[in-house]
Amino acid sequence: MAPHRMTVGDIISEHRRSYPGKLALVDRDYRLTWPQLDERVSRLANALRTAGVGQGDRILWLGQNSFRVYELLGAAAKIGAMVCPGYWRWAPPEMAFAIDDFSPKVVIWQEEEIGGIVHAARAVSQAAEAALWLRHDSGPQNSAGSGGDDLPSTPRRGASSANYEAFLASGGPADPGLDIDPDSALLVIYTAAISGRPCGSMLSHTNLISMGLSVAWLGDIDDTTVFLNSGPMFHIGNFQFFGIPVLMQGGTNLIARRVIASELLDIMAAEKCTRAYLMPATIRELVTLMRERGVELPHLRATIAAPLWQGMVAADESRHCREGGGMGYGYGQTEVTGMPIVGGYGGKGSGNAGRPTPVTAVRILDADGRECPVGEAGEICVRGDTVHLGYWNRPEINCRRFRGGWWHTTDLGRREPDGTISFLGTMTRMIKSGAENIFPVEVENCLESHPAVKEAAVIGIPSERFLQDVKAVAVLNGTVPATADTAAELIEHCRRNIASYKKPKTVEFLDALPRVQGAKDYAALDEKFGGGGYPGGGNLGAGH
């Protein structure tokens, strides 16, 4: 009989014994040691089993960042279920689509800030009422916290009266003791809509553990690391840099509910934070606040964009950041558990992405599946322990993308003579706004659902703050005039139906879209309206 292989649940249970006095999670007034976390995880796992959740079943989180996401991952890990942290900025139709597509047995939801969206999505979802709904930001508290997130609210019509804490407390404290396959799905993250609708990338225990070991080595992550989870938990970036590595190494994960610079500064100063997931715009705000308040962060290391800190915090000297001017660089996407190609392996080379991690293999393949010669561009294809299991409920796409035994990323790359890899751009057109990926087809579908729009095209125009802004070019059907008011109505239509960050910032009108062999001519639109700045080329931190 083969020996039991490690799962994420096993890691938490082992830390209970190895780090009995250390903090595992801090979230406002909640401060959980590893033994406290493991007990709560086991209680939640047993409560979920009693509710009928078992191997292969699905749990959907509809809320902002919370320590409870890590609890859910631990509990699901112990019973073989999978957890999807949904995007709290989804518009109601997008959220309803995710509920129906993922078909969860349990939904944990949040009233504060997003309750209206959750209720609207639940009202139109076909699968919603088959799930057990638990509200996480209300209800009785236990000894793990002081009740700082007990928010008074009157549930709206149709809302579940069950609450997360009471549900968790109903489970027994003993570990379920199940033998869970580490190659089963644990974390599901919905990716941008390459195919016109989002797809849930299924990441296994093995995927997460392999990524965590690699990044811990690259980033000098150990049990003394205190990491601020200020990146969104619906995004692989926060888990890779450095939520999962910190969990694996017995460090402390701090949780920020959402990105508000003044609150982040308070947390980092009070908790002596050593790492944080921060975007350039937030770093600029933090530097200004530090100067205004006279606050110092002596323990923090600038993992990315070190120059933006203007000397206010020390540079990260880990393997991940020794090259590239103080900014760790690489290539990745959700489907390969973040970055399988990074600059920290093998030293600085000529390629802008670096070299593959030891647990992945990368080939640059042509359209016929043959490896391209060095220096020739082709599709970046990956296999190994960080490649996901495929998309939930997308067998046809999975078959196409896994052809030949490799995961086809739909991204263009090149192997350089020194063995490093350059990311050249997407083979599927993508707009990058801040940390978010926006695929034009999704925005175009939304615009074309408006009764006044005959057809639409979306391009990215350069933005100093966000890399790119979304610009729409629309052809109207003659029912409304091409005016500023019409443009504003189309932008508002997108805001109502897709996540707000995807909506166009500006709209232009044409009598007809330029075309090449019947397809929309995006190059002509870029030239006419100033499009450009798409990911790829010399960009660092490239990829999805």
Side-chain angles (χ1 to χ4, degrees), residues 4 7-13 37-63 66-86 95-96 98-110 118 121-122 125-140 142 159-190 200-208 233-234 247 389-393:
H4 180 93
T7 68
V8 171
D10 294 327
I11 290 169
I12 294 173
S13 296
L37 173 61
D38 187 53
E39 179 176 328
R40 284 175 61 86
V41 163
S42 290
R43 286 186 180 276
L44 181 56
N46 289 321
L48 288 167
R49 289 186 72 198
T50 299
V53 180
Q55 297 193 27
D57 288 331
R58 295 160 301 286
I59 302 164
L60 180 62
W61 170 269
L62 297 177
S66 171
F67 75 100
R68 294 182 173 115
V69 174
Y70 282 107
E71 287 185 341
L72 283 165
L73 285 172
K78 291 191 175 190
I79 62 174
M82 58 183 100
V83 176
C84 173
M95 189 174 287
I99 296 169
D100 289 338
D101 185 61
F102 200 52
S103 188
K105 277 205 169 181
V106 178
V107 179
I108 294 91
W109 64 282
Q110 176 178 316
V118 174
R122 182 175 179 180
S125 165
Q126 299 299 308
E129 294 314 308
L132 169 64
W133 286 68
L134 303 170
R135 179 177 164 185
H136 91 90
D137 59 345
S138 71
N142 70 5
S160 171
S161 60
N163 66 73
Y164 176 93
E165 287 295 335
F167 179 79
L168 181 149
S170 71
D175 192 295
L178 302 179
D179 190 6
I180 303 302
D181 181 1
D183 292 325
S184 61
L186 174 59
L187 174 65
V188 178
I189 295 179
Y190 271 82
S201 174
M202 297 185 292
L203 302 174
S204 69
H205 301 252
T206 298
N207 293 154
L208 296 172
M233 288 182 167
F234 52 76
L247 181 146
L389 302 176
Y391 296 122
W392 165 255
N393 200 27

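Please read all numbers here as calculations on a predicted model, not as lab measurements. Atom set for the values below is all heavy atoms of this structure, side chains included, hydrogens, waters and symmetry mates excluded.
- Residues Ala174 and Asn46 come closest through the heavy atom pair O-ND2, 2.8 Å.
- A donor-acceptor contact shorter than 3.5 Å links the side chain of Ser170 to the backbone of Phe167.
- Atom CD of Gln55 sits about 8.5 Å away from atom CG of Asp179, to the nearest 0.5 Å.
- One finds the NE2 atom of His136 at 11.0 Å from the CD atom of Glu71 (value rounded to the nearest 0.5 Å).
- Contact check for Trp109 versus Met95: no side-chain heavy atoms found under the 4.5 Å cut-off.
- The two residues Trp61 and Ser66 make their nearest non-hydrogen contact at CZ2-CB, 3.6 Å.
- Side chains of Pro104 and Ile59 form no contact here, defined as non-hydrogen atoms less than 4.5 Å apart.
- Going from atom CE of Met82 over to atom CZ of Arg58 covers 6.0 Å, rounded to the nearest 0.5 Å.
- The line from CG of Asp175 to CD of Glu39 is 11.5 Å long, rounded to the nearest 0.5 Å.
- In this structure, CG in Leu72 is found 11.0 Å from CG in Leu187, a value given to the nearest 0.5 Å.
- Checking side-chain atoms of Asp100 against main-chain N and O of Ala127 turns up a donor-acceptor pair under 3.5 Å.
- For Ala131 against Val107, the heavy-atom pair with the smallest separation is CB-CG2, 3.9 Å.
- Nearest heavy-atom pair across Ile79 and Pro176 is CG2-CG, 4.4 Å.
- Counted by atom type alone, Asp10 and Ser13 present zero donor-acceptor pairs between their side chains at under 3.5 Å.
- Across Leu168 and Arg43, no two heavy atoms sit closer than the pair O-CB, 3.4 Å.
- Looking at Asp38 and Lys78, their side chains come closer than 4.5 Å, going by heavy atoms from C-beta outward.
- With Leu186 as reference, Leu73 is the one residue of Thr7, Leu73, Leu389 to meet the side-chain contact (heavy atoms from CB on, under 4.5 Å) rule.
- Between atom CG of residue Leu60 and atom OH of residue Tyr190 there is a gap of 8.0 Å, rounded to the nearest 0.5 Å.
- Contact between Leu48 and Ala75 at its shortest, heavy atoms only, is CD1-CB, 4.1 Å.
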Exercise for review: Check the pair Ser204, Asp183 against side chain to side chain donor-acceptor pair (under 3.5 Å), reporting the backbone distance first and the verdict last.
Suggested key: CA-CA 5 Å; Ser204 69; Asp183 292 325; 4.8 Å; no
